[in-house]
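Report on the structure given below.
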Protein chains: 2
Amino acid sequence: MARTDARLRQAYNSLLDLLAPLPIGASLMSEVKLAAALGVSRTVVRAVLARLASAGIVQIIGRDKTLLRQPLASEALALRDDYISHDALEARFLDWVLRFDVAAGTSLNVTQLSRQFNAPPHVLAEFLASLSQSGLVERRPRGGWRLLGFTADYALDLSDFRQVLELHAIRHLVTLPPAHQVWADLSAIKAEHLALWARLETDFHDFSALDGRFHALINSAVPNRFVTQFQKAIRLIFHYHYQWDKTLERHRNAAAIREHLQIITALEAREAEQAVQAARAHLATAKEALLHSLRGHQAGG
Amino acid sequence: MARTDARLRQAYNSLLDLLAPLPIGASLMSEVKLAAALGVSRTVVRAVLARLASAGIVQIIGRDKTLLRQPLASEALALRDDYISHDALEARFLDWVLRFDVAAGTSLNVTQLSRQFNAPPHVLAEFLASLSQSGLVERRPRGGWRLLGFTADYALDLSDFRQVLELHAIRHLVTLPPAHQVWADLSAIKAEHLALWARLETDFHDFSALDGRFHALINSAVPNRFVTQFQKAIRLIFHYHYQWDKTLERHRNAAAIREHLQIITALEAREAEQAVQAARAHLATAKEALLHSLRGHQAGG
DNA sequence: CATTCTGTCTTTAATGATAAAAACCAATAA
DNA sequence: TTATTGGTTTTTATCATTAAAGACAGAATG
């Protein structure tokens with residue numbers, strides 16, 4: 001019917017915790033300070049105080065608020081199982097889309113998704129709207145949404161676009177002065193690559209995270225909000241695919257580390273063209289791996 | 001309360017128009033065919049037919065639907081003033097934002113915007129969510145939205161990103177075979193430039209549209225959905241700014257036409273580096289013009 | 001007298017109820 | 001068989017309702 005009072009309940013319980021160590025007869029802070037302490041608005045604080053007063057835990061006379069008795073642990077208000085966060089929704093939805101073998105063009109319905117992901121419908125609608133910008137999903141003319149799906153075609157466009165941005169970042173990077181932070185970071189990540197190389201037999205799974213940070217570092221040379229935004233999306237999708245395609249994983253990661261090191265070496269020598277060539281080769285490998293994982297997944301079901 | 005019956009009303013009126021030329025006693029099509037003809041679902045058609053029957057305009061016996069009498073013009077159902085379309089909303093909102101009637105950082109509330117733009121609140125929420133991807137607007141932690149605004153910083157990022165994409169498109173374009181459609185289009189648009197040049201004294205306002213088509217053509221060489229999407233956003237924003245900055249407009253457009261022609265000439269000669277240099281110069285000019293229009297507008301209020 | 005605090009009121013956003021529309025299936029007429 | 005319709009279920013768009021946030025003025029405190 002209306003907004004839930006989850007916020008009130010949470011604030012109530014938090015205040016009970018704050019009250020527990022106080023002696024009986026102690027006076028509470030002002031409403032404004034309580035609001036700041038609990039991280040809620042004064043309206044909520046007043047509702048909480050009224051509820052505490054009617055429970056006989058505090059007495060409110062004028063602006064004096066005194067603790068009448070210790071609250072019982074059982075007096076905490078029950079919290080309904082809360083909805084998941086936006087980030088969790090994004091992760092679970094992408095996981096579902098990227099794993100789910102739906103034909104491109106299937107229609108999504110908000111009601112079912114909201115049940116599936118335990119989120120209110122309007123949150124899902126908002127989320128789908130934000131996804132529509134990246135072309136994974138689109139609005140149907142009258143009602144509902146259509147999943148365009150993560151097709152091979154989409155993956156190709158994504159890889160190509162990634163290459164454009166990343167080669168530009170490489171070209172830009174070599175022009176940065178030696179005092180720039182990126183060179184220190186590059187040196188550090190080079191050491192990490194060498195360290196992982198030494199223990200690759202056992203820890204080859206760690207490469208996925210390292211790969212993500214390496215590419216983020218390269219792109220950080222271009223402080224552009226659009227580059228950053230795309231980098232985030234690309235990283236998410238590549239990361240998810242890495243999780244499935246376990247074929248030749250160790251071998252593939254070893255090759256990728258070698259490629260990364262070639263790029264780093266060329267960058268440190270300020271050899272722009274050499275770095276670009278190395279990056280081009282590496283991105284081609286990554287694109288191939290993405291398409292391979294896609295084919296394997298689609299074939300497997 | 002619930003969904004509006006605007007769809008029913010529109011279908012009813014359309015069907016009245018279809019019925020008008022028919023003689024009395026004529027039989028109507030089947031529900032499915034009527035639905036196809038009116039562009040609505042069969043449910044709506046059935047509701048319309050029921051309404052026509054109760055108005056005594058048609059008689060429905062079994063599956064025979066016969067026209068009893070000519071409908072009067074006054075029997076059309078009144079349409080409540082309909083909400084604006086999604087595209088219109090986008091145009092009006094961007095117009096509002098880009099004109100800087102609001103300071104960057106102000107919080108937006110859906111209710112007020114929904115009144116201002118005559119759109120239901122949830123449509124506005126959906127629209128804002130889709131905008132959040134392009135970084136013009138962001139969600140506030142608890143409720144509401146914040147307008148990040150079209151700052152000089154944003155314009156710089158946008159111009160830089162545009163340059164990355166467009167230079168890539170240029171480099172790609174020269175590698176396309178002579179039989180490719182783009183060369184014919186390029187030749188055609190070159191002629192348009194020369195034609196506009198001849199009548200520039202009077203028609204310099206036509207340049208804005210030509211500029212948009214020229215850059216769209218360049219980018220069409222790269223058939224990538226992300227490039228296309230960004231091109232659309234960039235075009236929108238540059239277009240809006242062109243509309244205000246009237247200082248030296250004729251002079252500026254003349255310069256831009258010369259720059260365009262230089263790019264085209266270099267492309268037609270397959271001189272990649274020369275084309276890139278010309279494009280770089282032109283994009284620098286465009287960036288300067290954008291920033292200039294921004295400063296002028298901010299100073300003006 | 002300045003500052004802090006509270007009571008009251010207004011505005012706004014999240015949520016459930018609900019009507020309209022779409023989709024589906026079985027039955028029936030052609 | 002094939003096309004059409006009746007009945008039913010599912011889903012979406014819209015609205016009323018309520019919780020939360022915020023603003024303001026007046027009261028209380030130091």
Side-chain angles (χ1 to χ4, degrees), chain A residues 1-12 27-36 38-51 60-65 80 82-83 107-115 119-126 128 139-145, chain B residues 1-12 27-36 38-51 60-65 80 82-83 107-115 119-126 128 139-145:
Chain A
M1 209 154 20
R3 219 173 163 136
T4 63
D5 58 354
R7 209 158 167 64
L8 167 75
R9 289 164 178 274
Q10 211 143 7
Y12 187 91
S27 35
L28 309 193
M29 297 180 277
S30 76
E31 290 178 0
V32 197
K33 284 177 181 166
L34 281 173
L38 296 172
V40 295
S41 78
R42 204 160 67 81
T43 308
V44 177
V45 168
R46 302 188 78 217
V48 168
L49 286 175
R51 201 145 179 171
I60 300 177
I61 301 173
R63 59 183 56 179
D64 291 324
K65 296 172 283 289
R80 299 193 306 176
D82 218 359
Y83 289 128
S107 52
L108 304 170
N109 51 345
V110 172
T111 325
Q112 188 193 317
L113 290 175
S114 96
R115 279 195 292 268
H122 73 273
V123 167
L124 249 135
E126 193 174 305
L128 289 176
R139 200 93 171 82
R140 280 190 315 176
R142 269 182 297 285
W145 299 82
Chain B
M1 210 153 21
R3 219 174 165 137
T4 64
D5 59 353
R7 209 159 167 64
L8 167 75
R9 288 164 177 272
Q10 212 142 9
Y12 187 92
S27 35
L28 310 192
M29 296 180 275
S30 76
E31 290 177 2
V32 197
K33 284 177 182 165
L34 281 174
L38 297 171
V40 296
S41 79
R42 203 160 66 82
T43 308
V44 178
V45 168
R46 296 175 70 191
V48 167
L49 286 175
R51 203 146 177 169
I60 301 177
I61 301 173
R63 56 184 59 179
D64 290 324
K65 296 173 284 290
R80 298 191 307 177
D82 218 0
Y83 290 127
S107 51
L108 305 170
N109 51 347
V110 174
T111 324
Q112 188 193 318
L113 290 175
S114 95
R115 278 194 293 267
H122 73 273
V123 166
L124 248 134
E126 193 175 305
L128 290 176
R139 201 92 171 83
R140 281 191 314 177
R142 267 182 301 285
W145 300 81

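Note on naming: letters A, B, ... go to the chains in the order of the sequence lines (proteins, then strands), and numbering restarts at 1 for each one.
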Minimum heavy-atom distance A/Val40-A/Arg7, with the two atoms named: CG1-NH2, 3.8 Å
Atom pair distance, as rounded to whole Å: CG in B/Leu8 and P in D/dT12: 21 Å
Between C/dC24 (P) and A/Asn109 (CG): distance, integer Å: 11 Å
Touch class at under 4.0 angstrom, heavy-atom based, for A/Leu108 against every strand present: sugar-phosphate
Where A/Leu8 and A/Ala47 come nearest, the two heavy atoms and their spacing: CD1-CB, 3.6 Å
Whole-Å gap separating P (D/dA20) and OH (A/Tyr12): 14 Å
Sugar-phosphate, base or nothing in reach of A/Thr111, heavy atoms under 4.0 Å: base
Residues A/Glu31, A/Arg46; criterion side chain to side chain contact (heavy atoms under 4.5 Å, CB included); working and verdict: CA-CA 7 Å; A/Glu31 290 178 0; A/Arg46 302 188 78 217; 3.4 Å; yes
Between C1' of C/dA21 and CZ of A/Arg140, the distance in whole Å: 12 Å
Nearest-neighbour nucleotide for the B/Arg7 side chain, D/dA21, C/dA22, D/dT14 considered: C/dA22
Check against side chain to side chain contact (heavy atoms under 4.5 Å, CB included), B/Val48 and B/Leu38: CA-CA 11 Å; B/Val48 167; B/Leu38 297 171; 5.6 Å; no
Closest listed nucleotide, where the reference is the side chain of B/Asp5 and the choices are D/dA20, D/dT11, C/dA21: C/dA21
Spacing of B/Arg46 atom CZ relative to C/dA21 atom C1', expressed in whole Å: 12 Å
A/Arg140 charged N/C atom sitting above A/Trp145 aromatic ring, 6.0 Å / 45°: no
Given DNA chain C, 5'-ward residue of the pair A/Glu31 and B/Ser41, judged by closest heavy atom: A/Glu31
Nearest listed nucleotide, side chain of A/Ser30, among C/dT6, D/dT14, C/dA13: C/dT6
Touch class at under 4.0 angstrom, heavy-atom based, for A/Arg51 against every strand present: nothing
Per-nucleotide protein contact string for nucleotides 23-30 of chain D, where B marks a base within reach and S marks sugar-phosphate only (heavy atoms under 4.0 Å, - for neither): B---BS--
Spacing of A/Arg9 atom CZ relative to D/dA20 atom P, expressed in whole Å: 10 Å
Interatomic distance where CD belongs to A/Glu126 and P belongs to C/dT15 [whole Å]: 11 Å
Out of D/dA20, D/dT11, C/dG7, whichever nucleotide has its closest atom nearest the side chain of A/Arg115: D/dT11
d(CH2, B/Trp145; P, C/dT11) in whole Å: 23 Å
Touch class at under 4.0 angstrom, heavy-atom based, for A/Val110 against every strand present: sugar-phosphate
Distance test, side-chain N/O of A/Lys65 to OP1/OP2 of C/dC5, below 4.0 Å: no
Contact under 4.0 Å: A/Lys33 side-chain N or O vs C/dT4 OP1/OP2: no
Euclidean distance, A/Ser27 OG relative to A/Arg63 CZ, rounded to 0.5 Å: 13.5 Å
Minimum heavy-atom distance B/Ser114-B/Leu124, with the two atoms named: CA-CD1, 3.3 Å
DNA chain D: 5'-proximal contact among B/His122 and B/Val32 (nearest heavy atom): B/Val32
From D/dA13, D/dT18, D/dT11, nucleotide with atom closest to A/Arg3 side chain: D/dT18
From B/Leu28 atom CG to B/Lys33 atom NZ, the distance as rounded to the nearest 0.5 Å: 12.5 Å
